[in-house]
Amino acid sequence: MNLIERYVAAWNETDADARAKAVAELWTEDGTYTDPLADVAGHAGIAAVIEGAQGMFPGLVFTPGEVYDAHHHIARFTWHLGPAGEEPVAIGFDVVELAEDGRIRRVLGFLDKAPAA
């Protein structure tokens, strides 16, 4: 699995233990995640944000979007959130900074399309 596939899989993981393992494998211990709704650091904080997103959007799944680009230790990509196989209710654009070991050091997330409140 490539980085985006692993990243999306972590966001879709509903089992708390498996999610914690996926986060630990993807992010450095001091890794951060920042988007319009969250600003957290560390594995527990990142796993909690993922759990919170799943609670806000039960039954919806994250899938990779159309955009992927990378250079040096930086990557950017889009993602979709919605019912499996249907039009996404949310579309985001994330920029990730990778550490020397290939794990994520920082995620900066943006929401291009958000569900109506």
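Just so we're clear, the structure is a prediction, and the values are computed from it rather than from any experiment.
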Chemist: To the nearest 0.5 Å, how far apart are CD in Gln54 and CG in Leu60?
Modeler: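 So the gap between those two atoms works out to 10.5 Å.
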Chemist: If you group Ile, Leu, Val, Met, Phe, Trp and Tyr by side-chain heavy-atom gaps below 4.5 Å, do Leu3 and Trp27 land in one group?
Modeler: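 Yes, Leu3 connects to Trp27 through the hydrophobic network.
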Chemist: Does Ala90 have any side-chain contact (heavy atoms from CB on, under 4.5 Å) partners at least two apart in sequence or in another chain, and if so, which?
Modeler: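 Here the qualifying residues are Trp79, Leu81, Pro115.
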Chemist: Grab the two heavy atoms, one from Leu26 and one from Ala10, that are nearest each other, plus how far apart they are.
Modeler: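 Heavy atoms only, the tightest pair is CD1-CB, 3.7 Å.
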Chemist: Could you tell me which non-hydrogen atom of Thr34 sits nearest to which non-hydrogen atom of Asp39, and how far apart they are?
Modeler: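 The answer is OG1-OD1, 2.9 Å.
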Chemist: Considering residues at least two apart in sequence or located in another chain, which fulfil the side-chain hydrogen bond (donor to acceptor under 3.5 Å, both in side chains) criterion with Glu86?
Modeler: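 Listed in chain order: nothing, the list is empty.
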Chemist: Which residues satisfy the side-chain contact (heavy atoms from CB on, under 4.5 Å) test with Glu100, sequence neighbours excluded?
Modeler: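 So Glu100 forms no side-chain contact (heavy atoms from CB on, under 4.5 Å) with any residue.
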Chemist: List the atom of Val40, the atom of Ile46, and the distance in Å for their closest heavy-atom pair.
Modeler: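 Where Val40 meets Ile46 most closely, the heavy atoms are CG2-N, 3.8 Å.
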Chemist: Count I, L, V, M, F, W, Y as connected when their side-chain heavy atoms are under 4.5 Å apart, and connections chain through other members. Are Phe62 and Leu37 then in the same cluster?
Modeler: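 They do share one cluster, since a chain of ILVMFWY contacts under 4.5 Å joins Phe62 to Leu37.
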Chemist: If the plane angle is over 60° it's perpendicular, under 30° parallel, otherwise tilted; pick one for Trp11 and Tyr33.
Modeler: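 Rings of Trp11 and Tyr33: tilted, 30 to 60°.
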Chemist: Only counting residues at least two apart or in another chain, list the ones meeting side-chain contact (heavy atoms from CB on, under 4.5 Å) with Tyr68.
Modeler: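 In terms of side-chain contact (heavy atoms from CB on, under 4.5 Å), with neighbours along the sequence ignored, Tyr68 is linked to Ile4, Ala70, Ala75, Phe77.
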Chemist: Side-chain heavy atoms nearer than 4.5 Å, only ILVMFWY residues, links allowed to pass through others: does that put Ile50 and Val95 together?
Modeler: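 No, Ile50 and Val95 fall in different hydrophobic clusters.
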Chemist: With Arg76, which residues qualify under salt bridge (charged side-chain N to carboxylate O under 4.0 Å, His left out), at least two apart?
Modeler: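 Asp69.
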Chemist: Can you tell me if Thr78 uses its side chain to pair, donor with acceptor, with the backbone of Phe93 under 3.5 Å?
Modeler: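 No; judged by distance alone, with no hydrogens or angles, the pair does not exist.
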Chemist: Would a single hydrophobic cluster contain both Tyr7 and Phe57, if residues Ile, Leu, Val, Met, Phe, Trp and Tyr are joined by side-chain heavy-atom contacts under 4.5 Å?
Modeler: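 Looking at the clustering, Tyr7 is in the same group as Phe57.
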Chemist: For Thr32, enumerate each residue passing the side-chain hydrogen bond (donor to acceptor under 3.5 Å, both in side chains) test, keeping only those at least two apart in sequence or located in another chain.
Modeler: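 Once residues adjacent in sequence are excluded, Thr32 has no partner under the side-chain hydrogen bond (donor to acceptor under 3.5 Å, both in side chains) criterion.
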Chemist: Closest heavy-atom contact between Ala38 and Val49?
Modeler: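 Smallest interatomic distance, heavy atoms only, reads CB-CG2, 3.8 Å.
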Chemist: Provide the full list of salt bridge (charged side-chain N to carboxylate O under 4.0 Å, His left out) pairs with a residue in residues 27-38, sequence neighbours left out, each pair given once.
Modeler: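 Qualifying pairs, neighbours excluded: Glu29-Arg103.
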Chemist: Sequence neighbours excluded, which residues qualify as side-chain hydrogen bond (donor to acceptor under 3.5 Å, both in side chains) partners of Lys21?
Modeler: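 Partners of Lys21 under the side-chain hydrogen bond (donor to acceptor under 3.5 Å, both in side chains) test: Glu25.
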Chemist: Could you tell me the separation between the NE2 atom of His80 and the CD1 atom of Ile91, rounded to the nearest 0.5 Å?
Modeler: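 Between atom NE2 of His80 and atom CD1 of Ile91 there are 4.5 Å.
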Chemist: Kindly write out the residues that satisfy side-chain contact (heavy atoms from CB on, under 4.5 Å) with Glu51, not counting sequence neighbours, or none if the list is empty.
Modeler: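 For Glu51 the side-chain contact (heavy atoms from CB on, under 4.5 Å) partners, ignoring immediate neighbours, are Arg19.
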Chemist: Please table the atom pairs, donor to acceptor, closer than 3.5 Å between any side-chain atom in residues 105-112 and protein atoms at least two apart or in another chain.
Modeler:
residue: Arg105; atom: NH1; partner: Glu97; partner atom: OE2; Å: 3.3
residue: Arg106; atom: NE; partner: Glu97; partner atom: OE1; Å: 3.2
residue: Arg106; atom: NH2; partner: Glu97; partner atom: OE1; Å: 2.7

Chemist: Between the side chain of His43 and the main-chain N/O of Thr28, is any donor-acceptor distance below 3.5 Å?
Modeler: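 At least one qualifying donor-acceptor pair exists.
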